[in-house]
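Note that this is a predicted model, so its numbers are computed, not measured. Note: hydrogens, waters and symmetry copies are ignored here, and every other heavy atom, side chains too, is used. Index from 1, following the sequence.
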Amino acid sequence: YTESNFSVYINFISVNSISVSSQEEKKPFSYIATVYFSEKKFIFCFFSETKRNKFVKIFNKINQINPNKTFKNEYIKHELLAQGHFGKIFLVEHKQTHKMCIEKLILKSASAAKEIEWEIYFSHFFSLFKHPNIINFHETYVTHEKAHLIMEYLPNGSLDKHLGIISRNLHIKFLTQAISAINFVHKYSIIHRDIKYENFIVNLKEKNIKLIDFGLSKVNFPTETSNE
């Protein structure tokens with residue numbers, strides 16, 4: 001990556017286009033992706049074509065916006081389940097499939113603009129890079145005023161409600177799954193910063209938990225130092 005400013009990661013919504021190229025002479029970082037924004041461009045360089053293509057796939061998915069596909073046209077809102085750091089959590093139903101999902105409704109504000117853009121970024125990231133113990137993000141609808149993050153619905157609530165009820169063996173199994181989820185996000189230099197029982201959702205039938213709520217998360221870039 002040839003720029004010292006990593007703000008491209010939180011301003012991805014304003015991407016206009018992306019192009020790829022390769023240096024004729026094969027050197028380290030020979031595979032190039034150029035991302036064009038409204039006012040500037042950023043050049044990303046990769047060791048391999050595979051990693052470059054995965055990066056391009058993320059941006060192409062973000063840019064595939066269908067103006068006729070809106071949250072209101074696709075989902076029926078049922079009830080308010082909870083309120084988080086930057087938004088409200090609703091139980092919603094997909095109109096076509098009747099599948100129950102979770103909507104995190106985020107109202108954009110100038111005071112929390114950076115945090116909100118990060119959370120939208122992570123919803124896109126984890127829709128592509130999946131893990132069995134991280135919540136599945138299905139799709140995202142973004143307007144100037146709000147963002148609707150659509151994710152899977154797990155029926156048994158958060159892990160804190162099951163402490164002292166589940167067996168010791170299941171508790172150990174859930175702990176192992178939690179460590180696996182945290183290791184996965186750390187692999188991509190993501191720091192969750194809000195690990196607690198309330199941020200793991202339970203599926204008792206499948207004996208599975210999933211990490212949620214990336215509203216306080218950040219990416220620990222190589223140029224940064226961190227004590228976290």
For this session: Evaluate the side chain to side chain donor-acceptor pair (under 3.5 Å) criterion for residues Asp160 and Ser158: first the C-alpha distance (whole Å), next the side-chain angles of each, then the deciding distance (0.1 Å), finally the verdict.
Result: CA-CA 6 Å; Asp160 61 299; Ser158 55; 2.4 Å; yes
Problem set entry | Derivation and outcome, side chain to side chain contact (heavy atoms under 4.5 Å, CB included), residues His162 and Leu204 | CA-CA 10 Å; His162 299 274; Leu204 289 176; 3.8 Å; yes
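Between the side chains of Glu152 and His138, no donor-acceptor pair of N or O atoms lies under 3.5 Å. Side-chain contact of Lys173 with Thr176: a donor-acceptor pair under 3.5 Å is absent, judged by distance alone.
The aromatic rings of Phe184 and His131 sit tilted, their planes meeting at an angle between 30° and 60°. Using bins of under 30°, 30° to 60° and over 60° for the plane-to-plane angle, the ring pair Phe125/Phe122 lands in the perpendicular bin. Between Phe214 and His192, the ring planes lie perpendicular to each other; the angle is over 60°, past the 30° to 60° tilted range.
Taking the six-membered ring where the residue is Trp, the centroids of Phe200 and Phe174 are separated by 6.0 Å or more.
Listed by chain and number, the residues in a ring pair (Phe, Tyr, Trp, His ring centres under 6.0 Å) with Tyr141 amount to none (sequence neighbours excluded). With sequence neighbours left out, Asn156 forms a side chain to side chain donor-acceptor pair (under 3.5 Å) with no residue at all.
The closest side-chain heavy-atom distance from Asn133 to Asn208 is below 4.5 Å.
A salt bridge links Lys104 and Asp213; the closest N-O separation between the charged side-chain nitrogens and carboxylate oxygens is under 4.0 Å.
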